[in-house]
Amino acid sequence: MAKTQLGARVDDEVAELAKARAKDRGLSVGDYIAHLVREDVDGLRARGLDAARRFLDEHQALFDEAETDDAGREATPGAHAA
């Protein structure tokens, strides 16, 4: 995989912590930072999917209602689309 060099300025304390944690994990500082970014992105994705699941759990009846006509039959797809 191609790699891109990034530059960042951080406090000396943060730099030392990053170096120490990377060493503890047997990683370069660049690989450690890449790991943290991937972890963050995966966490966002998981939280987003969880929020969508909770939303659907709470509001599924509204979607079901929108997909049926007044007699309770399945309506023409898109008939009640917003």
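Heavy-atom basis, side chains included; hydrogens, waters and symmetry copies ignored. By convention here, the first residue in the shown sequence is residue 1.
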Point to revise | Contact summary for S28 and A22, nearest pair of heavy atoms | key: O-CB, 3.7 Å
Listing, residues 8-18 side-chain donor-acceptor contacts under 3.5 Å, not counting sequence neighbours, or none:
none

Point to revise | Residue pairs, two or more places apart or on separate chains, that pass ring-ring contact (aromatic ring centres under 6.0 Å, His included) and touch residues 39-59 | key: F55-H59
**Study point:** Qualifying residues under salt bridge (charged side-chain N to carboxylate O under 4.0 Å, His left out), relative to R21, sequence neighbours excluded
**Key:** D24
Exercise for review: Keeping to residues at least two apart or across chains, list the side chain to side chain donor-acceptor pair (under 3.5 Å) pairs with something in residues 39-48.
Suggested key: H35-E39, D42-R45
Check your understanding: Which ILVMFWY residues are connected to L44, directly or by a chain of links, through side-chain heavy atoms under 4.5 Å apart?
Key -> none
Point to revise | side chain to side chain donor-acceptor pair (under 3.5 Å) involving Q5 - partner list, sequence neighbours excluded | key: none
**Study point:** ring-ring contact (aromatic ring centres under 6.0 Å, His included) against F63, all qualifying residues, sequence neighbours excluded
**Key:** none
Check your understanding: Does R54 have any side-chain contact (heavy atoms from CB on, under 4.5 Å) partners at least two apart in sequence or in another chain, and if so, which?
Key -> D50, A51
